[in-house]
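Here's the structure, in structure tokens; my notes come after.
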Amino acid sequence: THRLVASVPGSRDVLDQLETAVQDATEPDIEDGSITFDGAATRCRFAWRPSLAAGHVLDGLAVIEEPTATTLVPPGWRATVGAAGALVLERNQEL
């Protein structure tokens, strides 16, 4: 098994300057369910990405679904929808 992790220092300013492609939704489309994670059935939230407005925060364990991709937000991580609609995943410092 091989795993590659890459990191490039940079600024997120360019993302905040882009015009948002995500439509603002009054209610995000989020459902509760479960998945097998780390060998065990685990509660999980499933979110439809086009319904997540800028600024929305989703703590892991979560799965963010969209027509062309699926994003896993592991436990201990947080996904925030940026101003331009990009997902920003960061370790949750509150845990």
Exercise for the section: Calculate, to the nearest 0.5 Å, the distance between atoms CD1 and CG belonging to Ile30 and Leu52 respectively. Expected result: 5.5 Å

Problem - Phe46 side, atom CZ; Ile64 side, atom CD1 - distance, nearest 0.5 Å - result: 12.0 Å

Handout entry: Sidechain-backbone polar pair: Ser51 side chain, Arg49 backbone, donor-acceptor under 3.5 Å
Key = no

Practice task
Over all heavy atoms of both residues, which pair between Ala83 and Ala54 is shortest? Give the atoms and the distance, please.
Solution key: CA-CB, 4.0 Å

Practice task
Please say which of Asp59, Asp32, Asp29 ends up in a salt bridge (Lys or Arg N to Asp or Glu O under 4.0 Å) with Arg45.
Solution key: Asp32

Contact check, side chains of [X] and [Y], non-hydrogen atoms, under 4.5 Å:
X	Y	value
Leu89	Thr80	no
Pro28	His56	yes
Leu87	Val73	no
Arg78	Val57	yes

Practice task
Is it possible for you to say whether Phe37 and Trp77 belong to one hydrophobic cluster, with membership spreading through side-chain heavy-atom contacts below 4.5 Å?
Solution key: no

Practice task
Carefully, step by step, assess Thr71 and Val63 under the rule side-chain contact (heavy atoms from CB on, under 4.5 Å).
Solution key: CA-CA 6 Å; Thr71 303; Val63 174; over 6 Å; no

Exercise for the section: Would you please test Leu58 and Val81 for side-chain contact (heavy atoms from CB on, under 4.5 Å) and show each step? Expected result: CA-CA 9 Å; Leu58 191 61; Val81 181; over 6 Å; no

